[in-house]
Amino acid sequence: MPELAEVEHARRLWDVALGEPVTSVHTSSPHARALREVDPDAMREALTGAALVSSEARGKQMAFRFGPGGSRWLGLHLGMSGRLRAEPAGYEPARHDRLVLDTGRRALVFHDPRGFGRVRFHVGDDAPAWWSSLAPSVLGVGFTAAGVAAFLARRRRTSVKAVLLMQERFPGVGNWMADEVLWRAGVHPATPAGSLGEAGAAELWRVVRRVSRAAVEHIGDDWGYPATWLFSHRWEAGGTCPRCGAALSRDTIGGRTTCWCPRCQPARRRR
DNA sequence: GTGCTTGTTGGCCA
DNA sequence: GTGGCCAACAAGCA
């Protein structure tokens with residue numbers, strides 16, 4: 001389920017170890033896909049003895065910084081099925097644990113059965129490109145209505161659903177958030193991005209921010225979203241629209257399973 | 001057994 | 001070069 005809010009939540013789970021030096025580093029098989037971009041031995045050497053000093057999430061990406069000045073950069077992406085956990089000291093790495101950092105007081109675990117997640121590592125005072133080149137947060141000042149309008153215009157023939165999934169403009173928006181946004185905006189997911197126009201783009205911009213902010217506020221240990229959200233009904237058999245009660249539609253749009261309300265999000269007439 | 005899956009990438013084609 | 005689409009990656013679940 002890792003989208004913006006879940007990633008932010010995952011990041012906080014590891015923050016319990018802030019200030020604690022790493023005593024040992026366990027990685028799964030060196031040829032695991034998740035580790036394809038790192039040298040496990042070099043990472044182990046650079047992290048051992050270094051304390052976790054800060055963490056940050058940007059969209060679906062996370063950076064954990066270790067050591068004096070935060071010069072050791074550990075980047076994590078959860079992929080489809082990744083989870084972060086903090087376990088008591090003495091934790092034994094289990095199947096599909098891609099990375100386990102032991103601090104002596106607890107173990108920080110990156111668990112990812114499907115292996116679409118990704119570990120990156122960098123040593124240096126400056127942020128590596130995989131961190132510094134990320135798109136501006138949808139909750140920050142760099143995410144503007146004008147930027148959204150220009151992006152939609154450039155991808156005018158692509159379905160708005162597929163466009164919302166593009167991390168280069170909507171970092172952190174994933175499949176369920178895209179559907180939630182379109183449902184609230186009353187836009188059919190197959191609508192070509194270019195047909196929304198300036199007003200439609202501005203509305204989409206507003207709703208992306210609103211859904212993102214609300215998702216971050218609601219994420220927590222009990223992790224559930226309100227029953228008034230499409231999210232709560234999209235996977236249940238015979239799910240109905242929480243706003244109008246109509247049976248929800250489901251189809252593949254933009255290459256992903258997409259759920260929408262045919263009454264609240266009618267297909268657009270061609271102009 | 002079948003047919004899905006909350007993500008990303010690379011390759012192909014227009 | 002840009003935009004657009006899709007298969008592939010892997011494991012678990014119904």
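Note that the structure is a prediction, hence the values are computed from the model and not measured. Residue numbering restarts at 1 for every chain, and letters A, B, ... go by the order of the sequence lines.
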- Task: Verify the ring-centre separation between A:W14 and A:F64: is it less than 6.0 angstrom?
- Result: yes
Would you indicate which nucleotide in [options] comes nearest to any side-chain atom of [X]?
X: A:R95; options: B:dT8, C:dG12, C:dG3; result: C:dG12
X: A:E3; options: B:dG7, C:dG4, B:dT9; result: B:dG7
X: A:R114; options: B:dT9, C:dA11, C:dG3; result: C:dA11
X: A:R33; options: C:dA10, C:dG12, C:dG4; result: C:dA10

- Query: Hey, are A:R106 and A:E20 close enough for a salt bridge, meaning a charged N less than 4.0 Å from a carboxylate O?
  - Reply: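 Salt bridge between A:R106 and A:E20, a charged N being under 4.0 Å from a carboxylate O: yes.
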- Query: Salt bridge check: are A:R83 and A:D112 linked by an N-O gap of less than 4.0 Å?
  - Reply: no
- Task: For A:G255 and for A:R98, find the nucleotide of DNA chain C with the closest heavy atom, then tell me which residue's nucleotide is more 5'.
- Result: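 The residue closer to the strand's 5' end, by nearest nucleotide, is A:G255.
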- Test: A:R243 cationic atom under 6.0 Å from A:W183 six-membered ring centre, within 45° of axis: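 Positive - A:R243 is close enough to the ring of A:W183 and near enough to its axis.
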Rounded distance (Å) that lies between atom [atom2] of [N] and atom [atom1] of [X]:
X: A:M166; N: B:dT8; atom1: CE; atom2: C1'; result: 12 Å
X: A:E37; N: B:dG10; atom1: CD; atom2: C1'; result: 14 Å
X: A:L152; N: C:dG4; atom1: CG; atom2: P; result: 11 Å

- Message: Base of B:dG7, side chain of A:R256 - is there a donor-acceptor contact under 3.5 Å?
- Response: yes
- Message: If stacking means aromatic ring centre less than 5.5 angstrom from the base's six-membered ring centre, planes under 30°, is A:F116 stacked on B:dT8?
- Response: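 No, the aromatic ring of A:F116 does not stack with the base.
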- Below 4.0 angstrom from OP1 or OP2 of B:dG7, is there any side-chain N or O of A:Q167? no
